[in-house]
Undergrad: 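What follows is a structure written as C-alpha cells; I'll ask about it next.
Computed from a predicted structure; not experimentally measured. Lettering follows sequence order; numbering is per chain, from 1.
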Amino acid sequence: MTSVRTRFAPSPTGYLHLGGLRTALFTYLYARKHGGKFILRIEDTDQEREVPGAVQLIYDSLRAAGLEYDEGPDVGGDYGPYIQTQRKDTYLPYAMQLVESGHAYPCFCTREELEERRAAAAARGETFKYDKHCLGIPRQEALRRMQSGEPYVIRQNIPAEGIASFDDLLFGHIEAECSTLDDNVLIKQDGLPTYNFANVIDDHLMGITHVTRGTEYLSSAPKYNLLYEAFGWTPPVYIHLPVVMKDATRKLSKRYGDPSFEDLLSMGYLRDAIINFIALLGWSPGNDREFFSKEELIEAFDEKGLNKSPAIFNMDKLTWFNAEYIRRLSPEEYLELATPWFDRALGGRGIDYCRLAELMQGRTEVFNRVPDMVRFLAEMPGYENELYVNKKQKSTLESSLDALKFMLPVLEEVKPWQETALHDTVMQAIAEAGRKNGPVLWPLRIAISGQASTPGGAIEIAYLLGREETLARIRAAIERLTAALQTA
RNA sequence: GGCCCCGUGGUCAAGCGGUUAAGACAUCGCCCUUUCACGGCGGUAACAGGGGUUCGAGUCCCCUCGGGGUCACCA
C-alpha cells in the first residue's frame with residue numbers, strides 16, 4: 001500500500017485566487033486525511049505569462065492559509081526540483097521515448113502556417129484539428145532536421161480511432177472519442193514542455209497518487225491517460241473539482257474586482273473563517289454542521305461529500321462566518337486584532353481601547369468596517385436633528401432639549417468619570433425625577449454621538465468620550481436644539 | 001458550433017425509490033433592549049420542463065431547456 005501523495009500545482013501568474021485556494025485546501029485535506037504528503041509544484045513553463053513575484057506570493061498565501069506543504073521549492077524534498085523550468089532537461093528524453101514508440105512525433109509546421117490553416121478552418125465553420133502533416137516525414141529525416149537546428153515541436157500522436165478514457169473519483173468514468181482529440185504539442189519550440197506533457201511526467205516522477213485540479217481539465221484528461229498508457233505507467237486517481245463562481249454565469253475573477261485570498265485577509269476577514277467557508281463551498285460533511293477548525297476539517301473530510309456542480313461564492317455568508325469567528329475570539333485576541341483598526345480612526349485620542357473592544361467585539365463583522373463605526377468618538381459627526389425624534393422612545397425635539405438640560409448638571413457632578421458611577425448617578429437621577437429611561441437616554445446618546453447606531457448606549461459612550469468631551473457635546477447640542485426650536 | 005460536465009428555495013446545501021423535502025446565509029415579522037448588534041421565536045421561499053421505468057421518483061432512463069468547461073507552441 002503506497003501512501004498518498006497529492007500536489008497543488010499553480011502557475012505563477014498572479015495572486016492566489018479563491019478558486020485556487022479551495023483546490024489547494026481540498027488537495028491538502030485529502031493528503032492529511034489519509035496521512036499522506038502534500039506537495040507544492042510551480043508550473044511555470046509558460047515564461048511569457050509568468051508574473052514577477054508571483055511565486056513568492058504563492059508561498060506566502062499558502063502559509064497564511066495554514067496549508068503547510070511537505071515538499072516544495074522552498075522547503076525541499078526528495079523529488080525536486082519543484083519548479084518546472086528547473087526540470088527543463090528531464091522532459092525531452094521522455095518525449096523522444098514516445099517518438100521512438102510512435103506515440104509522438106516531431107512537427108516542423110510554423111506558427112504562421114498553423115494560424116493560416118486554423119483561420120481557414122474557422123472560415124469554413126469547422127473546428128481546427130492538426131492534420132498530422134508532419135507524421136508523414138520519415139523518422140530518419142525528421143531526426144536529421146531536428147539535429148540540424150531546425151525549429152520543431154513534438155506532438156502527441158493520438159490514434160485515429162478508438163476511445164480514450166479515465167476514471168474520476170467524483171465524475172466517474174469519462175470517455176472521449178479519439179477522433180475528436182487533437183495532436184497537442186508536448187514539447188514547445190523553446191524546449192519547455194506544455195502543461196499537457198509536464199503534468200503527466202512530473203506527477204509520475206514525483207510519485208503523485210491523487211491528482212486534484214479544476215474541472216477545466218476534465219475534457220483533456222483522457223489524452224493524458226493515453227500518455228500514461230504509452231509509457232506503461234499507472235495513472236493517478238483523479239479528482240476534478242468544480243469551479244467557484246461569482247454568479248450563475250461568471251467565474252470568480254480578479255478582473256471583475258472579486259477579492260483574492262490576500263485581499264480578504266487585508267480587509268479583516270479571519271483566516272480560519274475564510275478556510276471554513278471555502279471548505280463548505282462544494283463540499284458538505286453530510287450533516288448540518290457548519291463550524292470546523294482545520295484539524296476538524298481533516299478529520300471530517302471525505303471526497304464523498306464533494307459536489308459536482310459549480311458553487312457561487314456568497315460574500316454575505318463569508319461575512320457571517322467571519323462575525324461568528326470574531327465573537328469566538330478571546331477579549332485579548334480581539335483587542336489585539338482590532339487595535340490597528342481603532343488606530344485608523346482614533347489614533348492618539350487616548351480612548352480606552354479595552355472597553356471599546358468589549359463593546360465592539362459582538363458588533364464586528366469585518367475589521368475594515370471598524371474605523372467607520374468608532375470614528376464618532378474622535379470627532380463629532382454632522383447629523384440631522386431628526387435623529388432626536390424617536391416615537392418608541394417618546395422623544396421629540398422639545399423633550400430632547402428638556403432631557404439634555406436635565407442631564408447636563410447631573411453629569412457635571414459625576415465623580416469619578418467611571419462607567420459604574422455614570423450609570424448609577426444617571427439612573428438614580430432619572431428615577432428620582434420620575435422620568436423614563438428612553439426619553440432621556442435616547443437624546444443623550446444622539447447628542448454625544450450624532451448617530452442612530454453606536455457601539456454601546458449613552459452611558460458607555462459618555463465614558464469612552466471622557467468628561468470634558470461629553471459635557472462639551474451636550475452643551476453644543478443644547479445650543480443647537482434651542483436654536484432649532486426658536487426658528488420653528 | 002463539436003465534444004465533455006452539471007441542474008433541490010436568491011445563495012450554500014442534506015437527501016442516495018416511500019420524508020410534512022433538513023439545516024445555514026440572506027430576507028420579512030415579533031420578542032428582548034437606553035440605539036444598533038447579539039440572542040430567542042416565527043414567516044416567505046426549491047426538486048428546470050416533458051416523457052418513460054416502478055405499486056411508488058428530487059432520487060433510475062430518455063429528450064428538451066438552462067448553465068459551465070474545452071477545442072493554443074496557456075495552464
Undergrad: Looking at B:rA72, which nucleotide sits across from it as a Watson-Crick or G-U wobble partner, both distances under 3.5 angstrom, or is there none?
TA: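 The base-pairing partner of B:rA72, which may sit in any strand shown, does not exist here.
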
Undergrad: Can you identify which nucleotide, out of B:rA75, B:rA24, B:rA22, has its nearest atom closest to the A:Asp46 side chain?
TA: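 Looking only at side-chain atoms, A:Asp46 lies closest to B:rA75.
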
Undergrad: Considering heavy-atom distances to RNA chain B, does A:Ala176 or A:Pro10 have its closest nucleotide positioned more toward the 5' end?
TA: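 On the 5' side of the pair lies A:Ala176.
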
Undergrad: Can you name the closest pair of heavy atoms from A:Thr23 and A:Arg213 and give their distance?
TA: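 The pair with the smallest heavy-atom distance is CG2-CA, 4.1 Å.
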
Undergrad: Within 45 degrees of the axis of the six-membered ring of A:Phe406 and under 6.0 Å from its centre: does A:Arg435 put its NZ or CZ there?
TA: yes

Undergrad: When you compare B:rG68 with B:rC32, how far apart are their C1' atoms, in angstrom units rounded to a whole number?
TA: 47 Å

Undergrad: Is the distance from OP1 or OP2 of B:rU70 to the nearest side-chain N or O of A:Lys223 less than 4.0 Å?
TA: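 No, outside the criterion.
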
Undergrad: What's the gap between B:rA21 and B:rU34 when it is taken at their P atoms, as a whole Å value?
TA: 43 Å

Undergrad: Can you tell which of B:rC25, B:rA72, B:rC74 lies closest to the side chain of A:Arg118?
TA: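 Shortest atom-to-atom distance from the side chain points to B:rA72.
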
Undergrad: Under 6.0 Å from the ring centre and within 45 degrees of the ring axis: does the NZ or CZ of A:Arg289 meet both conditions for the six-membered ring of A:Phe292?
TA: yes

Undergrad: Kindly assign one of parallel, tilted or perpendicular to the pair A:Trp341 and A:Phe367, based on the angle between their ring planes and the thresholds 30° and 60°.
TA: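 A:Trp341 and A:Phe367: parallel rings.
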
Undergrad: Please work out whether the ring planes of A:Tyr130 and A:Tyr105 are parallel, tilted or perpendicular, with thresholds of 30° and 60°.
TA: parallel

Undergrad: So does A:Asn307 get a side-chain nitrogen or oxygen closer than 4.0 Å to the phosphate oxygens (OP1/OP2) of B:rA13?
TA: yes

Undergrad: Please measure how far the P atom in B:rU54 lies from the corresponding atom in B:rC3, and state the result in whole Å.
TA: 31 Å

Undergrad: Scan A:Glu290 against the nucleic acid and name what it touches under 4.0 Å (heavy atoms): base, sugar-phosphate only, or nothing.
TA: sugar-phosphate

Undergrad: With no hydrogens and no angle check, do the side chains of A:Ser449 and A:Thr454 hold a donor and an acceptor under 3.5 Å apart?
TA: no

Undergrad: Taking the six-membered ring where the residue is Trp, are the ring centres of A:Tyr224 and A:Phe197 under 6.0 Å apart?
TA: no

Undergrad: Can you build the contact string for nucleotides 33-40 of chain B? Use B for base contact, S for sugar-phosphate-only contact, and - for no protein heavy atom under 4.0 Å.
TA: BBBBSSS-

Undergrad: Give each protein N/O atom lying under 3.5 Å from an N/O atom of nucleotides 61-68 of chain B, with the pair distance.
TA:
from	atom 1	to	atom 2	distance (Å)
B:rG67	O2'	A:Ala248	O	3.2
B:rG68	OP1	A:Thr249	O	3.0

Undergrad: Taking NZ, NE, NH1 and NH2 as the nitrogens, is one of them in A:Glu43 or A:Arg41 under 4.0 Å from a carboxylate oxygen of the other?
TA: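 Result for this pair is yes, salt bridge flagged.
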
Undergrad: How many whole angstroms separate atom OH of A:Tyr224 from atom C1' of B:rC4?
TA: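 Computing the A:Tyr224:OH to B:rC4:C1' distance gives 13 Å.
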
Undergrad: Could you give the distance separating B:rC73 and B:rG15 at their C1' atoms, to the nearest angstrom?
TA: 48 Å

Undergrad: Contact class for A:Phe313 (heavy atom, under 4.0 Å): base, sugar-phosphate, or nothing?
TA: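 Since no nucleic acid heavy atom lies under 4.0 Å of A:Phe313, the category is nothing.
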
Undergrad: Would you measure the distance from the C1' atom in B:rA48 across to the matching atom in B:rU35 and give it in whole Å?
TA: 46 Å

Undergrad: What is the pairing partner of B:rG7, taking Watson-Crick or G-U wobble pairs with both distances under 3.5 Å in any strand?
TA: B:rC65

Undergrad: Are the charged groups of A:Lys251 and A:Asp258 less than 4.0 angstrom apart, N to O?
TA: no

Undergrad: Tell me whether A:Glu113 is salt-bridged to A:Arg118, with the criterion being a basic N under 4.0 Å from an acidic carboxylate O.
TA: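 Between A:Arg118 and A:Glu113 there is no salt bridge, as every charged N stays at least 4.0 Å from the carboxylate O atoms.
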
Undergrad: Across all strands, who's sitting opposite B:rC32 as a Watson-Crick or G-U wobble pair, both distances under 3.5 Å?
TA: none

Undergrad: Of the candidate nucleotides B:rA14, B:rC5, B:rC73, which contains the atom at the shortest distance from the side chain of A:Leu218?
TA: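 Comparing B:rA14, B:rC5, B:rC73 against the side chain of A:Leu218, the answer is B:rC5.
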
Undergrad: The side chain of A:Ser284 lies closest to which of these nucleotides: B:rC12, B:rA13, B:rU70?
TA: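 Side chain of A:Ser284 sits closest to B:rA13.
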
Undergrad: Fit a plane to each ring of A:Tyr238 and A:His240, take the angle between them on a 0 to 90° scale, and name the class: parallel (under 30°), tilted (30 to 60°) or perpendicular (over 60°).
TA: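 Ring orientation, 0 to 90° scale: parallel.
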
Undergrad: May I ask you to verify whether the side chain of A:Lys317 and the base of B:rA26 hold a donor-acceptor pair under 3.5 Å?
TA: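 It does not, because no donor-acceptor pair links the side chain of A:Lys317 to the base of B:rA26 below 3.5 Å.
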
Undergrad: Would you measure the distance from the P atom in B:rA22 across to the matching atom in B:rG1 and give it in whole Å?
TA: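 The same atom, P, in both gives a distance of 39 Å.
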
Undergrad: Above 12 or not: heavy atoms from other molecules or residues under 6.0 Å from CD of A:Glu175?
TA: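 More than 12 heavy atoms, drawn from other residues, nucleotides or ligands, come within 6.0 Å of this atom.
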
Undergrad: In residues 165-175 of chain A, what residues come within less than 4.0 Å of RNA chain B, judged by heavy atoms?
TA: A:Phe171, A:Ile174, A:Glu175

Undergrad: With rounding to the closest Å, how many angstrom separate the C1' atoms on B:rG18 and B:rG58?
TA: 13 Å

Undergrad: Taking the basic N atoms (NZ, or NE/NH1/NH2) and the acidic carboxylate oxygens, is any pair closer than 4.0 Å for A:Arg375 and A:Glu379?
TA: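 Answer for the salt bridge query: no.
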
Undergrad: Checking base pairs now: Watson-Crick or wobble, both atom distances under 3.5 Å. What partners B:rA26?
TA: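 The answer is none; no pair meets the criterion.
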
Undergrad: If you measure from the P atom in B:rC36 to the same atom in B:rU27, how many Å do you get, rounded?
TA: 16 Å

